[in-house]
Amino acid sequence: MQSRSGLDILLGVLSVIALLGLVGGVPYALVRFFGNPLPEQFSIEALTRQVGFGTVLDMLAILVWLAWAQLVVCVVVELWSAIRRVGVPAQVPFARGPQALAHRLVTAALLLFTAAAVVTPMVNAVAQPGGAQIAAAQQAVPQPVVQEAEQLAPVKKAKKVYTVQPPEGRHHESLWEIAEKCLGEGRRYKEIYELNKHKEQPDGTKLHIASLIRPGWVLEMPDDARNVHIVAEDDSRPEILDRHPDKPAELDGRTAHQQVQQADDRAGDPSRADDAAPGRADLSQMYGDPEQTMNVRPGQVQPAEQTLQVRPAEVLAGDQDQGLDLSALPDYLAAASLAAAGLLAALGRRRREQLWGRAFGRRLPEPSGPGALAEKALLLGADHHGTRLLDLGLRHLAKELGAAGRTPPTVYGAFLAPTHLDLWIHPADREAPAPWVAVDGGQVWRLDATAGLRLPEQPLAGVLAPYPGLVSLGANEGGRVLVDLEAAHGIINLRGPAEYVTAALAAVAVELATNRWSDHMNLVLVGFGAELSMIAPERIAAYATLGEALPALEAATAEVRGALAALGADSVLTGRARGVQSESWMPTYLISAVPPTPEQAQRLAELARTGSRLASGYLVAGEATPGAVWQWEMHGDGRATLPALGFSVKAQLLPQDQYRQVIDLFRSATGREGLPLGDPSPSGPVAHQLQPGFQALADVRILGPADVQAGGPLEPDRIAQCQELIAYVATHPGGVHPRVLAGALWPRGVEETVRDAVIDRAMDWLGDDVNGRPNLFLDMQGRLHLGPFVRVDWEIFKELLRVARQDAGQEAAILSYALDLVRGPLLADRPSGRYLWLAGDPIETEVTARVSDAAQRLWHLRMSVSDAQGAISAALAGLRVSEGDEALWRCLLRAAHATGDPGTLQFWVGTLRQRAANSQYWGRLVPETEALIEELLPSPVPERAAG
């Protein structure tokens, strides 16, 4: 029992005195000074005679008696609840205030007595059969009696369950992998499926297809399962499992540390000692003489700088790993949170397409220079949660209104804040479908962010986007303001200083081209050049002049008007909500940086002039465009106003230089040739770490989520920052100057004292080696290194690849050891705003390529000896790093076909199609994959109808 402070004791004593005074003192005082509250006799005359002062006192006394009785009831209820530990006490009617007072007094009084810890089990025991005897025994020997009482509790049946883990990077769990991890055999996935099919899961959905499982599902497992939870048979709620969460486990159930250790043991096998583990070299030759290294802290390397800020521009010019000058970080890109999220999604799709043509032994090119800067800014500013909230919230709204036969309201603007999403609608409507709520008299429909982000994606997959024309106008202190281009029912004229107008149009163009809350669209760009089409070629059509674009615009408008007439609807919102003739409601938006001529303006006005809402919007530059219905104005101070709607915000802009950086970034994602990988040797000598008996003093794992195992103390809230620092040094084994480190970890700048304090913490965390030298140390040039007793899984992986090339007889076994180190994509599950230095760093593309090549090589070796199951495991190991690599998927499908089990092949085909459908980067399978599926699992030929 914890000791009580003097204040606790004082409060307890005062509480006891207050309780005694209220429970016993109040009635004593009432009887003493006011007498019996009940009259000795009662007559009708008492109700009609004149009321005197004594009568008033008697009435007040009665009220005090009633209040006292209510308080006594509250004290009894609170005392009984505290003794019985029933949780929340019963609520006494009309006694909220008195019961709160009673709760505080009873709690403080019980805490005064150390015997209170014994009272509860005694009362609980007395309440059970034979409880009196247990209570008597407990007074003499408390602890054994508690155990006896526990033994008397009914025993619940137990079962084994597994919680489906969240994705690591882009890798999602499957029933096959869960079966391999928990049952030792992937083909036993059918047992898990049979145990769980059609059972409702925590999110309200059910398992219908073996290849479709979702994170957070709680799966019942066979009795021989391992790496699972054991819970009461009637209790598999996710909140119960959260108290003992699963750690991400490898497919074979071992940790990576155990795998490396097993690799060490096998490397020590005399039969392969010469090949797998070269003799221990002199560590002083590998890492330098300890006398020539510096056991000092970073602040001691040189005199303190005069500046307080260590900016990226201060990187030493002589450092070969100095990287980019991040002082020029594109701030407008970083501020365009929704556009940044869309651009990153589009970039992911482009890079996945690059995987289609990657050849064995080559890696994808990484962005450099301006492109790498642009990617860092996008990673820093992207608002993925806001993008998801807009997408799911709007589609759910359309679905609910369509099911009720209602047309979605006209939305002329939206406001996205961290806590909620508001739609400004016209006309006002107080009947918003849940979880949306109507506020401000129905002029605003609001969706709470928590409720919106809980909306499931799968049921909304086929719902048409109701408001694809929403685009960011800018931001204020509370959030981001969006306007709907379709709501104008006419031309929107954008005017102001030329550089601001161009920058605003570019920002609108890239957001419309890449946003998630729109479906297919025709984005007609005039005056931007064809280069912008590479961002989203499926959406963008670029023209040099308005004259070239107008025929396409007129044809699209005519098609929409015809579809509306056929449906008998007065707005495209009706068609989108009903989900019919979906292609007819595809929006067409014109973004023109070239002002129209009077004749062109007249043709645009005729297109836009209509009493109904069409799937079109027109945003054109110019000082006074004839027929414009809205004036969007840019000001020299960077603000944007839309007087017709009353909006005035800090504008979202994409200036010319940052626009070029985005183009450079996407240009790097279009090359298909790739770069040669070269020799797989590790950057430093690590062969000694594979020798028998080697004991690492620290483990750094980056092949998956960052994980540093070190012996020193470190506060939990500082682990993420120190892990990133150590990961950066681990991926730059040539040494890292603290200034370079500061520019990588703090791209917006950091005080030198803060930088040095973080390095000090990391040094203390990693501790010292057997020679007393820090495991994280500075050399004579002031560069940070990891010592020879720090094991990095990526360096071990490369060493194993090198050894495998030299030992054909053990190649398969060594590759298997190497792939066992891989837990997921490089530094997966990165926190937002961290690890931005990976943009432009070749290590990410190198890791992806080397792991994929190792997996394909192991697949080939195992298929050559008819080990189909081993080949499946090899392909899965590669897919942990690059789930979108369809070359590996084709290897897996061929291995599944080689098992001779049609069910296994069908399972993996279904899994592939499901993951492709659910991925924002995937979209469709490449033709080679579709052709292979058709060859291995041909579709049944329909029978010819009789007659």
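We count residues from 1, following the sequence as given.
Leu838 places a side-chain heavy atom less than 4.5 Å from the side chain of Arg830. In this structure, the side chains of Leu741 and Ile759 come closer than 4.5 Å at one or more pairs of heavy atoms. Between Arg660 and Pro370, every side-chain heavy-atom pair lies at or beyond the 4.5 Å cut-off. At a threshold of 4.5 Å between non-hydrogen side-chain atoms, the residues Asp841 and His732 count as touching. Taking the side chain as every heavy atom from C-beta outward, Leu766 and Val708 approach each other to under 4.5 Å. Contact of the Leu390 side chain with the Leu482 side chain is registered, since non-hydrogen atoms from C-beta on lie closer than 4.5 Å. Inter-residue side-chain proximity for Tyr835 and Glu844 is flagged as unmet; no heavy-atom pair is nearer than 4.5 Å. Counting only heavy atoms from C-beta outward, the side chains of Leu690 and Leu800 approach each other to under 4.5 Å.
Closest non-hydrogen pair, Ile535 versus Ala346, comes out as O-CB, 3.8 Å. Residues Ala640 and Met634 come closest through the heavy atom pair CB-SD, 3.8 Å. Closest non-hydrogen pair, Ala727 versus Ile702, comes out as CB-CG2, 4.2 Å. Between Ala762 and Leu776 the shortest heavy-atom distance is CB-CD2, 3.8 Å. In this structure, Arg834 and Ala720 approach most closely via the heavy-atom pair NE-CB, 4.3 Å. When every heavy atom of Ala687 is checked against every heavy atom of Glu799, the shortest pair comes out as CB-OE2, 3.6 Å.
Gln661 places no side-chain N or O within 3.5 Å of a backbone atom of Ala372 that could act as its donor or acceptor partner. Panel note: side chain Gln721, backbone Val758; no donor-acceptor pair is recorded below 3.5 Å. Using a distance-only test at 3.5 Å, with no hydrogens or angles considered, no donor-acceptor pair links the side chain of Asn771 to the main chain of Arg773. One N or O on the side chain of Glu173 and one on the backbone of Gln165 form a donor-acceptor pair closer than 3.5 Å. Of the possible polar contacts, one joining the His737 side chain to the Arg739 backbone as a donor-acceptor pair under 3.5 Å is found. A donor-acceptor pair is defined here as one N or O able to donate and one able to accept, closer than 3.5 Å; no such pair exists between the side chain of Ser882 and the backbone of Leu879. When atom types are taken as modelled, the side chain of Asp793 and the backbone of Leu703 share a donor-acceptor pair closer than 3.5 angstrom. Side-chain atoms of Arg880 come within 3.5 Å of backbone atoms of Val822 as a donor-acceptor pair (strictly under, hydrogens ignored).
Distance check, rounded to the nearest 0.5 Å: CZ of Arg761 to SG of Cys722 gives 6.5 Å. With rounding to the nearest 0.5 Å, the separation of CG in Leu378 from OG in Ser337 is 11.5 Å. Leu697 contributes atom CG, which lies 5.5 Å from atom CG of Asn775 (distance to the nearest 0.5 angstrom). Atoms CH2 and CG, from Trp746 and Leu836 in turn, are 12.5 Å apart once rounded to the nearest 0.5 Å. The OG1 atom of Thr387 sits 5.5 Å away from atom CH2 of Trp517, with the distance rounded to the nearest 0.5 Å. Distance check: Leu714 CG to Asp764 CG gives 9.0 Å after rounding to the nearest 0.5 Å.
A salt bridge between Glu375 and Arg351 is present, with a side-chain N of the basic residue lying under 4.0 Å from a carboxylate O of the acidic one. The residues Asp829 and Arg823 are annotated as not salt-bridged, no charged nitrogen and carboxylate oxygen being separated by less than 4.0 angstrom.
Asp768 is linked by a salt bridge (Lys or Arg N to Asp or Glu O under 4.0 Å) to nothing, counting only residues two or more places apart in sequence or in another chain. Listed by chain and number, the residues in a ring-ring contact (aromatic ring centres under 6.0 Å, His included) with Trp794 are Phe797 (sequence neighbours excluded). Residues passing the side-chain contact (heavy atoms from CB on, under 4.5 Å) test with Ala506, sequence neighbours excluded: Phe528, Leu654, Tyr659. Applying the side-chain hydrogen bond (donor to acceptor under 3.5 Å, both in side chains) test to Arg363 and every residue at least two apart in sequence or in another chain returns Glu366, Thr845. Not counting sequence neighbours, the partners of Glu715 by the salt bridge (Lys or Arg N to Asp or Glu O under 4.0 Å) test are Arg718. Shown here are the salt bridge (Lys or Arg N to Asp or Glu O under 4.0 Å) partners of Glu511, two or more places apart in sequence or in another chain: there are none. With sequence neighbours excluded, no residue forms a side-chain contact (heavy atoms from CB on, under 4.5 Å) with Pro418. For Gln656, there are no side-chain hydrogen bond (donor to acceptor under 3.5 Å, both in side chains) partners two or more places apart in sequence or in a different chain. Ala417 meets the side-chain contact (heavy atoms from CB on, under 4.5 Å) test with Phe415, Thr419, His420; sequence neighbours excluded. Scored by the side-chain contact (heavy atoms from CB on, under 4.5 Å) test, Ala382 finds Ala340, Ala341, Leu344, His384 as partners (sequence neighbours excluded). Residues passing the salt bridge (Lys or Arg N to Asp or Glu O under 4.0 Å) test with Asp707 are Arg701, sequence neighbours excluded.
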Query raised in the report: Would Asp664 and Arg667 count as a salt bridge (Lys or Arg N to Asp or Glu O under 4.0 Å) if you check the C-alpha gap in whole Å, the side-chain angles of each, and the deciding distance to 0.1 Å?
Result: CA-CA 5 Å; Asp664 287 342; Arg667 186 174 288 115; 3.1 Å; yes
Query raised in the report: Does the pair Leu826 and Val881 meet the rule for a side-chain contact (heavy atoms from CB on, under 4.5 Å), with working shown?
Result: CA-CA 7 Å; Leu826 176 72; Val881 164; over 6 Å; no
Requested in this report: List the steps, then state whether side-chain contact (heavy atoms from CB on, under 4.5 Å) holds for Leu338 with Leu416.
Outcome: CA-CA 10 Å; Leu338 300 179; Leu416 179 64; 3.7 Å; yes
Query - Residues Ser852, Arg358; criterion side chain to side chain donor-acceptor pair (under 3.5 Å); working and verdict - result: CA-CA 10 Å; Ser852 177; Arg358 187 190 75 85; 3.2 Å; yes
Requested in this report: Carefully, step by step, assess Arg639 and Tyr500 under the rule side-chain contact (heavy atoms from CB on, under 4.5 Å).
Outcome: CA-CA 9 Å; Arg639 297 192 62 80; Tyr500 283 99; over 6 Å; no
Query raised in the report: Stepwise, does the side-chain contact (heavy atoms from CB on, under 4.5 Å) test hold for Glu846 with Leu677?
Result: CA-CA 7 Å; Glu846 182 184 359; Leu677 277 173; 4.1 Å; yes
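The stretch residues 378-389 participates, sequence neighbours left out, in these salt bridge (charged side-chain N to carboxylate O under 4.0 Å, His left out) pairs: Arg388-Glu457.
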